[in-house]
Amino acid sequence: MSVLKLKNSYTRQIEVFEPLFPGRALMYSCGPTVYSFAHIGNFRSFLFSDVLRRVLERNGYEVRHVMNITDVGHMTEDHLADAQGEDKLAKAARELGSDPFKVAQHFEKAFVEDARALRLKLYLGGEAAEPGQHPRATEHIPEMLAMIQKLLERGYAYIDSAGQVYFEVAKFPEYGQLSGKKVEELEAGARVEVREEKKAPEDFALWKVDAKHLMQWDPHSEKGWRPEDWKRYRELAPGGVDARVRPGFPGWHIECSAMSRAHLGATIDIHTGGEDNMFPHHECEIAQSYGAYGFTVPGPHGAADEHHARKTFARYWLHGRHLLVDNRKMSKRDGTFFTARDLFNPAFNGRADLAARLEALGFKGGRVLPAVLRYALISNQYTQPMNFTLDLLAQAKASVERIQRCFERLREIVGPATDADIEGPAGDRMLSLVDAQERAFDDALNDNLNMPNALAAVFKAVSELNSMELGKAEAVEGLRLLESFDEVLDVLDRRERSGLLTRQEIDARLERPLPEFESLAAAEMDALSVAGFVALRQAARKAKDFKRGDAIRDGLKARGVLIEDTSQGVRWKLE
RNA sequence: GGUGGCGUAGCCAAGUGGUUAGGCAACGGUUUGCAAAACCGUCACACGCGGGUUCGAAUCCCGCCGCCACCUCCA
């Protein structure tokens with residue numbers, strides 16, 4: 001198997017991935033801010049990190065992946081480099097008429113639902129239950145305060161007269177290295193407002209004081225704290241934070257530094273996020289972590305070897321490019337803003353026009369299956385901007401269905417066979433196909449997650465499998481190959497929800513009564529009734545009454561059941 | 001204004017010096033009562049424009065044009 005190479009934003013080079021600890025990969029991804037429903041751009045970024053962790057796993061690494069939930073601290077009216085402005089959660093709370101913690105809970109729950117639907121591994125299986133894998137900012141105030149105290153003690157931060165804490169950027173000359181920004185240019189841009197209390201305009205808030213803010217923590221009193229948090233705070237910072245720091249809330253960037261350290265340790269292998277995170281968020285994370293824990297300063301761009309030889313905060317920085325809709329930044333006004341759930345069920349989410357457009361593109365009921373959205377969002381390389389269109393979704397649907405049909409055909413060939421039924425080993429042509437395409441798939445993904453090339457291998461395999469006459473042993477190998485691809489893609493529907501009806505089954509079904517066809521709603525379509533109508537249609541066809549046969553087929557199609565006649569019998573499946 | 005990036009056939013999208021991906025759509029054929037699926041074929045001697053380097057350029061260099069993002073919370 002080829003070696004995994006990733007593009008490190010910090011060095012701007014494609015580098016061989018070498019973890020800090022052999023066989024393990026520690027990975028942190030900047031997660032969602034839960035003040036509204038996550039949109040498809042957010043999910044493209046999260047899915048990029050999901051594909052990366054799955055590729056790491058294929059390379060044999062034991063992956064520990066952490067993605068935070070930001071439920072405090074991001075502003076809406078933030079033209080400033082400090083934490084002026086109303087908290088987004090507070091704003092959502094005001095609009096929804098409830099308290100900000102409830103709003104965060106509400107949208108976090110929605111996020112988890114969407115994340116599961118889109119098969120984010122972090123939210124599937126055992127990991128879903130591990131809070132350390134998706135830590136909440138509000139539950140890590142102790143870690144943040146302890147870090148702020150360290151920054152104060154080490155001289156990287158200062159306190160203003162209001163009791164707020166700022167990071168002093170001048171103390172960290174490497175600030176700007178990740179994003180390629182120069183502090184002088186930031187000042188020249190005049191978009192960083194000068195605040196009297198700050199020593200320099202580029203200094204950023206670590207702790208903010210604002211009485212109007214709804215989420216508050218008093219660093220000097222137990223009141224209002226969750227008991228376990230207060231206890232941990234006293235353990236992490238026995239003397240507490242500097243007495244001049246007043247009650248308030250954390251700044252924008254400190255949470256990720258504090259939480260990645262708490263759950264992954266001082267040095268992590270990979271830090272991912274959207275390209276917009278590069279500056280200032282990740283730049284500030286580097287500055288804070290360096291200041292608080294005294295890592296060796298990362299080397300300059302191009303000095304990859306030196307950089308890796310040293311102990312640092314994050315060894316590889318990976319950034320996903322943004323998603324555009326119709327070649328523009330998503331815009332609610334232009335109707336190009338989509339949350340995941342808008343696409344899953346537009347009509348239910350009050351977007352009848354979107355439902356109609358999707359229906360016209362062949363989406364049954366105007367609904368996009370999560371697997372189709374997942375495929376669409378992972379189908380190009382993360383280093384390229386993605387231009388999302390509804391047409392792209394339609395193409396993704398066709399692609400997923402092509403893979404799915406191949407999978408179902410193989411499964412039919414294998415049938416309920418046990419090992420004893422399978423004769424001999426698969427043929428050489430099959431074995432070399434499996435070997436070559438699995439390798440091509442891995443090579444492409446190991447080449448900085450080149451998904452288009454990986455998908456080329458998938459479709460090459462699908463074409464060949466479709467054109468081969470397969471015995472059970474071959475089909476088993478083919479299934480294994482598709483399931484191997486699906487460890488990364490995760491778009492196959494493996495449920496038994498359709499199948500081939502044999503002549504005997506159809507005849508047997510004809511003997512039993514059927515519900516009234518015209519009155520049967522789509523939702524009532526189950527395997528039994530479908531089998532019944534298939535039987536009716538077959539009887540009509542046998543009698544050469546093709547008009548009636550086609551009418552039944554059309555009626556079933558209108559209810560989301562597709563009929564296919566094959567040489568072995570009649571196949572049906574849900575659309 | 002500063003920084004980074006993009007422009008490849010009807011659409012999406014790999015490919016960074018020489019046999020050239022893959023998917024979708026459309027069309028033709030095989031198959032089918034008709035479809036669907038599948039297979040075969042066509043569209044495809046494609047690479048924003050103009051110069052240059054080279055035996056050879058989508059790929060390297062120079063100059064344009066168009067588009068996007070970031071520089072401010074944002075995936």
Side-chain angles (χ1 to χ4, degrees), chain A residues 9 12 29-33 35 38-49 70 73-81 83-88 176 179-182 184-186 188-193 252 272-281 319-324 327-330 375-376 379-389 391-403 405-406 408-409 440 444 447 450-460 462-463 465-468 541 544-547 549-550 553-554 557 562-567 571-573:
Chain A
S9 309
R12 299 179 187 193
S29 299
C30 285
T33 303
Y35 62 88
H39 57 66
I40 55 173
N42 299 129
F43 275 113
R44 186 199 181 200
S45 179
F46 304 144
L47 285 168
F48 141 59
S49 66
T70 295
H74 286 264
M75 308 300 124
T76 51
E77 301 166 85
D78 25 45
H79 307 100
L80 313 176
Q84 195 81 306
E86 187 178 9
D87 188 287
K88 279 180 173 171
S179 56
K181 308 235 174 269
K182 295 189 177 72
E184 312 85 72
E185 283 166 4
L186 296 177
R191 304 183 89 160
V192 183
E193 193 167 316
W252 311 340
T272 74
E275 57 177 322
D276 54 291
N277 282 153
M278 216 172 194
F279 185 90
H281 185 58
H319 292 96
R321 300 297 305 271
H322 269 182
L323 173 148
L324 307 173
N327 273 316
R328 300 274 163 194
K329 196 165 175 170
M330 274 191 283
Y375 183 95
S379 60
N380 77 348
Q381 204 170 4
Y382 76 97
T383 50
Q384 296 293 332
M386 166 174 281
N387 182 30
F388 185 91
T389 58
D391 196 52
L392 177 76
L393 267 185
Q395 293 187 16
K397 178 174 183 282
S399 299
V400 169
E401 286 171 355
R402 182 166 162 81
I403 302 169
R405 276 194 302 265
C406 182
E408 281 170 5
R409 171 173 172 259
D447 179 19
N450 190 331
M451 188 60 86
N453 275 343
L455 291 173
V458 171
F459 287 106
K460 175 98 174 156
V462 167
S463 286
L465 289 170
N466 281 339
S467 59
M468 287 162 82
R541 293 177 73 211
K544 301 283 179 203
D545 186 356
F546 294 119
K547 203 174 164 188
D550 291 351
R553 183 170 66 195
D554 293 346
K557 185 167 193 290
L562 297 181
I563 297 295
E564 293 173 20
D565 301 323
T566 77
S567 52
R571 178 186 293 134
W572 67 273
K573 64 175 186 173

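The sequence lines fix the lettering, A, B, ..., with proteins before strands; numbering per chain opens at 1.
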Asn327(A) vs G7(B): side-chain N/O to OP1/OP2 distance below 4.0 Å: no
Out of C70(B), G22(B), A75(B), whichever nucleotide has its closest atom nearest the side chain of Leu323(A): A75(B)
Nucleotide forming a Watson-Crick or wobble pair with A37(B), both distances under 3.5 Å: none
Closest listed nucleotide, where the reference is the side chain of Lys329(A) and the choices are G2(B), C74(B), C39(B): C74(B)
Residue matched to C55(B) through Watson-Crick or wobble contacts both under 3.5 angstrom: G18(B)
Given A69(B), A75(B), C71(B), the nucleotide with the shortest approach to the side chain of Leu324(A): A69(B)
Short N-O contact, Lys557(A) and Asp554(A), less than 4.0 angstrom: no
Nucleotide G5(B), atom P - distance to CG of Asp276(A) in whole Å: 17 Å
Asn42(A) (side chain) donor-acceptor with His39(A) (main chain) under 3.5 angstrom: yes
Residue matched to A44(B) through Watson-Crick or wobble contacts both under 3.5 angstrom: none
Asn453(A) vs A14(B): side-chain N/O to OP1/OP2 distance below 4.0 Å: no
Interatomic distance, Trp572(A) CH2 vs A37(B) C1' [rounded to whole Å]: 17 Å
Nucleotide nearest Arg12(A) (side chain, heavy atoms from C-beta), chosen from G4(B), C24(B), A75(B): G4(B)
Of the listed nucleotides C73(B), C70(B), A37(B), the one nearest the side chain of His322(A): C70(B)
base_contact_polar (G33(B) base, Asp550(A) side chain, donor-acceptor, <3.5 Å): yes
Interatomic distance, Lys181(A) NZ vs G1(B) P [rounded to whole Å]: 16 Å
Donor/acceptor link under 3.5 angstrom from Arg402(A) side chain onto base of G23(B): no
Qualifying residues under side-chain hydrogen bond (donor to acceptor under 3.5 Å, both in side chains), relative to Asp545(A), sequence neighbours excluded: none
Donor + acceptor pair across side chains of Ser29(A), Thr272(A) (<3.5 Å): yes
Asn277(A) side-chain proximity, nearest of A75(B), C12(B), C71(B): A75(B)
Shortest side-chain distance from Gln384(A), nucleotide among C6(B), C34(B), A75(B): C6(B)
Selected nucleotide, minimal atom distance to Ala398(A) side chain, candidates C24(B), A13(B), G2(B): C24(B)
Aromatic ring pairing Tyr382(A)/Phe48(A), orientation class (parallel under 30°, perpendicular over 60°, tilted between): parallel
Touch class at under 4.0 angstrom, heavy-atom based, for Gly273(A) against every strand present: sugar-phosphate
Arg409(A) versus Thr566(A), side-chain donor and acceptor atoms under 3.5 Å: no
Sugar-phosphate, base or nothing in reach of Lys544(A), heavy atoms under 4.0 Å: nothing
Interatomic distance where CD belongs to Gln395(A) and P belongs to G22(B) [whole Å]: 16 Å
Donor + acceptor pair across side chains of His322(A), Asp276(A) (<3.5 Å): yes
Nearest-angstrom distance from the residue atom NZ of Lys460(A) to C1' of U20(B): 13 Å
Sugar-phosphate only, base, or nothing, as touched by Ser29(A) at under 4.0 Å among non-hydrogen atoms: nothing
Nucleotide forming a Watson-Crick or wobble pair with C49(B), both distances under 3.5 Å: G63(B)
Identified pairing partner of U72(B), criterion: Watson-Crick or G-U wobble below 3.5 Å: none
Distance-only donor-acceptor test, Arg553(A) side-chain atoms vs A35(B) base atoms, 3.5 Å: yes
Pairwise C1' distance, A9(B) and G22(B) [rounded to whole Å]: 14 Å
Between C1' of A69(B) and CE of Met386(A), the distance in whole Å: 16 Å
Out of A14(B), C74(B), G22(B), whichever nucleotide has its closest atom nearest the side chain of Gln381(A): A14(B)
Whole-Å gap separating P (A25(B)) and CZ (Phe459(A)): 11 Å
Phosphate OP1/OP2 of A75(B): any Thr33(A) side-chain N/O under 4.0 Å: yes
Spacing of Tyr375(A) atom OH relative to G22(B) atom P, expressed in whole Å: 14 Å
Main-chain N/O of Asn450(A) paired with Asp447(A) side-chain donor or acceptor, under 3.5 Å: no
First of Ala457(A) and Pro385(A) reached from the 5' end of RNA chain B, by closest nucleotide: Pro385(A)
Pair of N/O donor and acceptor under 3.5 Å linking C6(B) base with Asn387(A) side chain: no
Phosphate OP1/OP2 of A38(B) contacted by Arg405(A) side-chain N/O (<4.0 Å): yes
Sugar-phosphate only, base, or nothing, as touched by His319(A) at under 4.0 Å among non-hydrogen atoms: nothing
N/O donor-acceptor pair, side chain Glu275(A) with base C70(B), under 3.5 angstrom: no
